[in-house]
Peer 1: 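Structure incoming, see below.
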Amino acid sequence: MAENSNGALGCMVRCLLSESELQELCRVEQLCCAELGVTRKNISDFEVEYLWNYKKMQDQELYLVKWKYYPDSESTWEPRHHLKCNNLLKQFHLDLERELLRRAKAAGIKKAAARCPRRLDQSLSHYLVLKAKQRKRLRQWEQQLNAKRSHHGLILVANEVDLEGPPLDFVYINEYRVGDGVAINQSSVGCKCRDCFSDEGGCCPGAFQHKKAYNNEGQVKVKPGFPIYECNSHCRCGPSCPNRVVQKGIQYKFCIFRTSDRRGWGVRTLEKIRKNSFVMEYVGEIITSEEAERRGQVYDRQGATYLFDLDYVEDVYTVDAARYGNISHFVNHSCKPNLQVYNIFIDNLDERLPRIAFFATRTIRTGEELTFDYNMQVDPVDVESSKMDSNFGLAGLPASPKKRVRMECKCGESSCRKYLF
């Protein structure tokens, strides 16, 4: 708070530096500040950004420390007992051990000791620097993802496989982004139920002559292929209504991780997921089929695609999650998936524009990777649409199979079809 010449309080001026940056400035200038927590006891404590070299001299372990807010040229060798960064020390030795084992394996050494050498060669030190910088970028990306998410479920990021960093051109969104030539009309009607679960008229699903989709615990009970109509913003019921499931968003904690079998990024759950529970939505940019055809030809040449046809009643629109998407962007294919796709209608009742939701086909254990079938087929018996969600990734590709580039499947299942498309 600033004061003017008369001693009166003036306007508030926002500081351009973060609290940690101000603390570092105090330490550099040797100034104590009670509000920033800089005291005589910790005024000489500087923050370690990462460790990037190691040596052992006369049984004393020394680490080359990159100090936060200081250039590389001012890095210093410090004995271990000077360092209070236990997590960074643990991570440094874990990265070192993994790289030593990888190099030993590459050299054909079956049993390699992961013992830390007395000195690190230049290539090993360089790798540890790259790994530390990569981990910093991934932590920043993780923070950005969690800052943008509007759902309850936390997102973690991990890469213990290679030096790949965050995607360069990916924007996290929580709901459909509407592209050119697409219009979404919001519903203007809702149910008048006092108790949607026991209402004999069938609530919102009944209004469209469909069954109620969920049990009282929010688990889906209708077969794949049947549409799900949830209560919307115009309904009398409140947020605790049992017919509001997908709209509540992701409830589980997930980790975006780098796969070790050349499948790129994947998603694993950090919590147990019960069978038939809602897991996540497939979110992206809604585009016309004509635009999907144009983009599809480009993606096909690149050997990857995130196009999902919204072909519940007719093939007019497509969801493209290549640039704009949520965590489902990173979910891999499997010929034996643990996720099933359903068409959801909430505030928008246009059957050409359903929301796409993933539900668990079985109980999914903590730490298990999440997958869905990019080319799933729905049993046409007793369902309205045998085409539902059968063309993920095929949108925009040439109609003739002879012109289509076949994409190899790497799911590793015994029932693998060998090709995605």
Side-chain angles (χ1 to χ4, degrees), residues 134-135 137-162 164-175 246 248-284 304-308 319-342 355-376 389 392-393 407 409-413 416 420:
Q134 176 215 41
R135 186 166 282 110
R137 295 197 307 274
L138 292 178
R139 290 289 80 79
Q140 291 173 339
W141 183 43
E142 179 181 284
Q143 292 170 1
Q144 292 168 3
L145 293 175
N146 284 292
K148 291 181 178 179
R149 66 177 170 86
S150 62
H151 50 79
H152 174 75
L154 189 68
I155 302 172
L156 301 183
V157 179
N159 183 355
E160 305 301 342
V161 174
D162 53 31
E164 185 72 18
L168 296 177
D169 193 24
F170 175 72
V171 180
Y172 197 92
I173 58 176
N174 295 285
E175 56 187 19
V246 172
K248 291 181 179 179
I250 298 171
Q251 301 296 309
Y252 301 99
K253 183 188 297 184
F254 296 136
C255 178
I256 301 172
F257 74 103
R258 195 72 176 171
T259 62
S260 58
D261 52 4
R262 299 181 298 110
R263 291 181 298 122
W265 296 100
V267 178
R268 59 175 167 237
T269 178
L270 300 180
E271 301 178 57
K272 179 181 176 181
I273 301 175
R274 294 188 303 167
K275 180 180 179 179
N276 296 329
S277 296
F278 168 66
V279 179
M280 68 179 70
E281 277 190 79
Y282 191 85
V283 172
T305 182
Y306 298 90
L307 296 175
F308 200 131
V319 179
D320 183 3
R323 183 180 181 190
Y324 299 97
N326 64 355
I327 197 168
S328 64
H329 169 98
F330 303 98
V331 176
N332 279 317
H333 161 85
S334 176
C335 294
K336 189 179 179 181
N338 50 26
L339 300 179
Q340 174 65 54
V341 177
Y342 282 83
R355 291 165 66 164
I356 304 301
F358 293 147
F359 286 79
T361 61
R362 56 174 174 77
T363 298
I364 305 175
R365 302 183 304 275
T366 300
E368 189 175 347
E369 182 177 359
L370 302 175
T371 58
F372 74 101
D373 189 342
Y374 286 8
N375 196 24
M376 65 177 60
D389 308 320
F392 176 81
M407 197 175 296
C409 179
K410 301 175 183 177
C411 73
E413 294 288 345
C416 179
L420 295 184

Peer 1: Looking at N338, is its backbone amide N or carbonyl O close enough to the side chain of Q340 to form a donor-acceptor pair, meaning the two atoms are under 3.5 Å apart?
Peer 2: no
Peer 1: Taking all non-hydrogen atoms of both residues, which atom of F359 and which atom of V246 are closest, and how far apart?
Peer 2: CZ-CG2, 4.0 Å
Peer 1: In this structure, is the centre-to-centre distance between the rings of F372 and Y374 below 6.0 Å?
Peer 2: yes
Peer 1: Give the minimum heavy-atom separation between L270 and T366, together with the two atoms involved.
Peer 2: O-CG2, 3.4 Å
Peer 1: Evaluate the side-chain proximity of K275 to T361: yes if any heavy-atom separation is below 4.5 Å, no if none is.
Peer 2: no
Peer 1: Does a side-chain N-to-carboxylate-O contact under 4.0 Å join D261 and K410?
Peer 2: no
Peer 1: Can the ring centroids of F170 and F330 be said to lie less than 6.0 angstrom from one another?
Peer 2: yes
Peer 1: Sub-3.5 Å donor-acceptor pair from the side chain of N332 to the main-chain atoms of W265, do we have one?
Peer 2: yes
Peer 1: If you count every heavy atom of other residues, nucleotides or ligands that lies below 6.0 Å from R137 atom CZ, does the total exceed 12?
Peer 2: yes
Peer 1: Can you name the side chain to side chain donor-acceptor pair (under 3.5 Å) partners of R149, sequence neighbours left out?
Peer 2: N146
Peer 1: Taking atom NZ of K248 as the centre, report whether more than 12 heavy atoms of other residues, nucleotides or ligands fall under 6.0 Å from it.
Peer 2: yes
Peer 1: What heavy-atom pair brings F278 and G249 nearest, and what distance separates the two atoms?
Peer 2: CE2-O, 3.5 Å
Peer 1: Charged N to carboxylate O below 4.0 Å: is that the case for K272 and E368?
Peer 2: no
